K.L.:
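My structure is below; once you've seen it, I'll send some questions.
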2 protein chains.
Amino acid sequence: MATMLEVAKRAGVSKATVSRVLSGNGYVSQETKDRVFKAIEESGYRPNLLARNLATQKSQTLGLVVTNTLYHGTYFSELLFHAARMTEDQGRRLILADGKHSAQEEREAIQYLLDLRCDAIVIYPRFLSVDEMDDIVQNHSQPIMVLNRRLRRNSSHSVFCDHKATSRAAVEQLIALGHRDIAFITGSLDSPTGVERLSGYKDALAAHGIPLRDALIAQGKWTPATGAAAVDTLLARDAEFSALVASNDDMAIGAIRQLQQQGISVPQQVSVFGFDDIALAPYTLPALSSVRIPVTEMIKETINRLIFMLDGGDFKQQQAFQGELILRESVLRHPHP
Amino acid sequence: MATMLEVAKRAGVSKATVSRVLSGNGYVSQETKDRVFKAIEESGYRPNLLARNLATQKSQTLGLVVTNTLYHGTYFSELLFHAARMTEDQGRRLILADGKHSAQEEREAIQYLLDLRCDAIVIYPRFLSVDEMDDIVQNHSQPIMVLNRRLRRNSSHSVFCDHKATSRAAVEQLIALGHRDIAFITGSLDSPTGVERLSGYKDALAAHGIPLRDALIAQGKWTPATGAAAVDTLLARDAEFSALVASNDDMAIGAIRQLQQQGISVPQQVSVFGFDDIALAPYTLPALSSVRIPVTEMIKETINRLIFMLDGGDFKQQQAFQGELILRESVLRHPHP
DNA sequence: TTGTAAGCGTTATCAC
DNA sequence: GTGATAACGCTTACAA
């Protein structure tokens with residue numbers, strides 16, 4: 001491929017001049033500009049971004065680490081969609097790195113983006129601890145934001161939802177509707193989100209004097225298939241329930257399928273509640289009530305903070321922002337008519 | 001950040017030696033190796049990939065261009081999931097560039113990946129013509145694969161489905177079931193996929209001597225909302241139909257909603273057919289029959305070809321592969337029981 | 001307004 | 001085994 005040097009020779013100028021023409025920095029006479037552009041045209045020259053980035057010490061890219069397990073479904077695409085859009089509106093590009101299936105792989109993905117000298121990094125952790133995330137944020141000069149976790153030492157570097165409170169609110173809504181036998185399908189319990197939602201369920205029951213019954217809790221792993229399996233587990237236990245809360249919509253959908261399969265009508269005999277991890281309004285079943293989790297706002301706020309930091313905001317100062325941002329705006333949505 | 005030079009000084013050796021230790025190329029005594037590793041440890045050194053890539057003239061990355069409009073939904077995440085997974089299994093990373101909303105932006109995204117010196121590129125075009133894609137493939141030294149288009153001059157660089165044949169098959173299945181009044185919701189007609197599916201519908205009718213009625217065709221733009229709107233259009237025309245084919249599942253889902261809303265039961269009064277652009281089995285409505293489009297195989301085959309090319313396969317030779325690959329394996333799926 | 005030359009942080013080819 | 005040193009392709013003072 002043609003290099004800048006070749007362009008320079010062809011135009012009868014030096015590399016520096018070509019660089020000036022391209023970057024718009026420094027004065028170049030119109031005539032030489034014209035000659036340079038002509039030379040670029042003729043040689044099919046394209047700047048080598050690797051070289052440019054190395055020279056300027058910045059890459060104009062934003063790195064995003066997401067775990068493999070999050071890849072499926074609309075939640076992820078929504079996240080990615082806005083991340084990419086906002087990044088590009090900023091004249092930067094998004095680079096995606098896969099956190100795969102373990103803490104170690106998550107670490108490697110982050111390290112890769114760091115090694116690539118991304119200008120900033122967004123992490124949606126799955127396995128790494130809050131402590132380790134805090135360390136990472138502190139030990140690196142580039143701005144880093146963490147999604148869906150509450151950082152302790154660098155709270156302004158995280159944006160998250162209060163899953164526990166939301167879960168509790170959802171269950172309380174069911175209680176208010178008169179339900180007392182409320183079954184619950186957990187998410188993976190090695191994820192904080194899964195634990196928090198379960199915990200919110202327990203809190204709600206406790207607050208209303210409803211005894212917790214283990215027979216009404218079944219484990220799932222976020223997917224529709226595990227939601228369906230959880231229903232089987234629940235039914236096999238012969239414990240009656242008039243409402244079912246699944247820790248995300250995917251499982252709720254699987255659960256509804258399975259209930260109907262077993263001749264139980266939804267929502268006539270059992271009301272089903274999910275958490276809209278998945279901006280999937282178009283696909284949700286008419287029978288499903290869902291809590292909206294604001295992925296969109298989450299990623300938008302994140303990128304905005306990053307942009308602020310990149311623009312020279314003193315992001316090491318916790319005062320840079322109002323502090324941590326907890327998105328509490330989740331609202332209960334009623335079943336589609 | 002610590003550089004290789006600092007590590008070298010600290011270990012009392014030259015840059016070259018540090019480089020050898022890191023790359024494993026060339027002989028280094030165990031003692032110096034130890035000293036180097038110690039120095040790396042102490043200084044928190046991390047190699048600068050920009051510099052490395054510049055020096056080696058390869059970036060160990062694979063670029064993917066997808067249009068913004070494809071971002072929503074499971075189809076895309078499925079694509080991305082496998083692309084990322086396979087790329088990383090190869091020890092490379094995936095870089096995503098957004099094709100946005102126009103041919104020009106699509107061009108820019110491709111150009112960016114080229115400028116970044118990605119080792120190989122996958123393009124899922126939306127606006128660019130086959131001719132232009134063919135040119136791009138030919139004019140660049142790095143391997144490029146195009147999804148969902150049939151390239152004329154570089155057929156082995158494309159992987160696609162025969163949407164027309166599939167659409168025709170789907171409609172013929174309805175005809176075989178006794179339907180004669182079959183309505184059709186198109187996709188965006190500025191996309192080849194949309195045109196082909198419509199064309200398959202027309203072919204099927206023609207082949208069975210069923211007259212084409214414009215009143216039974218409504219335009220959509222792939223989204224659930226436009227599918228619903230199309231149903232309104234059809235109903236307003238007062239043309240009766242016993243079956244409805246939507247050009248993708250998203251629209252089919254919107255259509256089903258709307259039909260039910262209007263008191264028309266599915267599939268009792270109207271059978272609905274979609275194309276599973278969207279490996280979304282878990283979400284599709286029980287009432288929907290859908291044609292499976294093998295995204296997964298498509299992207300897998302694509303990456304495999306790329307890997308082959310990168311490993312030195314003579315990819316400019318059309319004989320490198322069996323030639324073009326047309327995925328015909330689409331199967332009709334029956335409504336969920 | 002333009003050219004020279006010194007980086008940027010690696011790798012790779014020589015010698016020694 | 002190891003160390004200079006020249007690339008890699010660009011940016012950016014500093015001169016001219």
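Here the structure is a predicted model, which is why all the values come from computation and not from measurement. Order of the sequence lines fixes the chain letters, A, B, ..., with proteins taken first and strands second; residue numbering starts at 1 for each chain. All values below were derived from every heavy atom in this structure, side-chain atoms included, with hydrogens, water molecules and symmetry-related copies excluded.
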K.L.:
Measure NZ/B/Lys9 against C1'/C/dG9 and give the value in whole Å, please.
P.N.:
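That distance rounds to 13 Å.
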K.L.:
Is there side-chain contact between B/Val146 and B/His157, with heavy atoms separated by less than 4.5 Å?
P.N.:
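The answer is no, as the side chains (C-beta and beyond) never meet within the 4.5 Å cut-off.
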K.L.:
Does a nitrogen or oxygen in the side chain of A/Arg52 sit under 4.0 Å from OP1 or OP2 of D/dT11?
P.N.:
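The answer is yes; a side-chain N or O of A/Arg52 sits under 4.0 Å from OP1 or OP2.
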K.L.:
Atom CG of B/Asp115 and atom P of D/dC10: how far apart are they, to the nearest Å?
P.N.:
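About 10 Å, once rounded to whole Å.
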K.L.:
Check every strand shown and say whether B/Arg46 touches a base, only sugar-phosphate, or nothing at a heavy-atom separation below 4.0 Å.
P.N.:
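The residue B/Arg46 makes sugar-phosphate contact but no base contact.
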K.L.:
Using atom CE of A/Met4 as one end and atom C1' of D/dG9 as the other, report the distance to the nearest whole Å.
P.N.:
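In whole Å, D/dG9 C1' lies 8 Å from A/Met4 CE.
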K.L.:
OP1 or OP2 of C/dC8 versus the side-chain N and O atoms of B/Thr3: is any pair under 4.0 Å?
P.N.:
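No, B/Thr3 has no side-chain N/O under 4.0 Å of OP1/OP2 on C/dC8.
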K.L.:
With nearest nucleotides of DNA chain D determined for B/Arg35 and B/Gln57 from heavy-atom distances, which residue corresponds to the more 5′ nucleotide?
P.N.:
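With B/Arg35 and B/Gln57 compared, the 5'-side residue is B/Arg35.
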K.L.:
Rounded off to whole Å, could you give me the CG-to-C1' distance for the A/Leu54 and C/dA6 pair?
P.N.:
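For the pair A/Leu54 CG and C/dA6 C1', the rounded distance is 14 Å.
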K.L.:
Mind checking if A/Ser14 touches a base, just sugar-phosphate, or nothing, with heavy atoms under 4.0 Å?
P.N.:
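Since a base atom lies under 4.0 Å of A/Ser14, the category is base.
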K.L.:
Reckon A/Val13 touches a base, only the sugar-phosphate, or nothing at all at heavy-atom distances under 4.0 Å?
P.N.:
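Contact class for A/Val13: sugar-phosphate only.
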K.L.:
For B/Arg126 and B/Val66, run side chain to side chain contact (heavy atoms under 4.5 Å, CB included): C-alpha distance rounded to whole Å, both residues' side-chain angles, the deciding distance at 0.1 Å, then the answer.
P.N.:
CA-CA 8 Å; B/Arg126 170 73 214 277; B/Val66 193; over 6 Å; no
K.L.:
Starting at atom CD of B/Gln30, determine the distance to atom P of D/dT2, rounded to an integer number of angstrom.
P.N.:
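One finds 11 Å between P of D/dT2 and CD of B/Gln30, rounded.
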K.L.:
Between C/dC8 atom P and A/Asn48 atom CG, what is the distance in whole Å?
P.N.:
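Distance, rounded to whole Å: 18 Å.
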K.L.:
From CG of B/Leu22 over to P of C/dG9, roughly how many Å is that when rounded to an integer?
P.N.:
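Atom-to-atom, B/Leu22 to C/dG9, this comes out as 15 Å.
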K.L.:
Could you walk me through whether B/Leu80 and B/Leu64 pass the side chain to side chain contact (heavy atoms under 4.5 Å, CB included) check?
P.N.:
CA-CA 9 Å; B/Leu80 196 60; B/Leu64 175 63; 3.7 Å; yes
K.L.:
On the nucleotide D/dT2, are OP1 or OP2 found under 4.0 Å from the side-chain N or O atoms that B/Thr17 carries?
P.N.:
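So the side chain of B/Thr17 is outside the cut-off, no N or O lying under 4.0 Å from OP1 or OP2 of D/dT2.
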K.L.:
Is a salt bridge present between B/Glu301 and B/Arg305, judged by a nitrogen-to-oxygen distance below 4.0 Å?
P.N.:
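Between B/Arg305 and B/Glu301 there is a salt bridge, with a charged N closer than 4.0 Å to a carboxylate O.
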K.L.:
Please tabulate the protein-to-nucleotide N/O contacts below 3.5 Å involving nucleotides 12-16 of chain C, giving atom names and distances.
P.N.:
none

K.L.:
Nearest whole angstrom, please: distance from the P of C/dT1 to the CD of A/Glu31.
P.N.:
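That distance rounds to 10 Å.
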K.L.:
Please report the interatomic distance CG(A/Asp98) to OG1(A/Thr67), rounded to the nearest 0.5 Å.
P.N.:
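A/Asp98 atom CG to A/Thr67 atom OG1 measures 7.5 Å (nearest 0.5 Å).
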K.L.:
Do the numbers put A/Arg93 on top of the ring of B/Tyr112, so that NZ or CZ is under 6.0 Å from the six-membered ring centre and no more than 45° off the axis?
P.N.:
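Output yes; distance and angle both within limits.
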K.L.:
Testing the basics here: between B/Ser158 and B/Met145, what is the closest heavy-atom pair and its distance to 0.1 Å?
P.N.:
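Nearest pair, atom of B/Ser158 first, then B/Met145: N-CE, 4.0 Å.
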K.L.:
Phosphate oxygens OP1/OP2 of D/dC10: is one of them under 4.0 Å from a side-chain N or O of A/Tyr45?
P.N.:
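Checking D/dC10 against A/Tyr45, a side-chain N or O does come within under 4.0 Å of OP1 or OP2.
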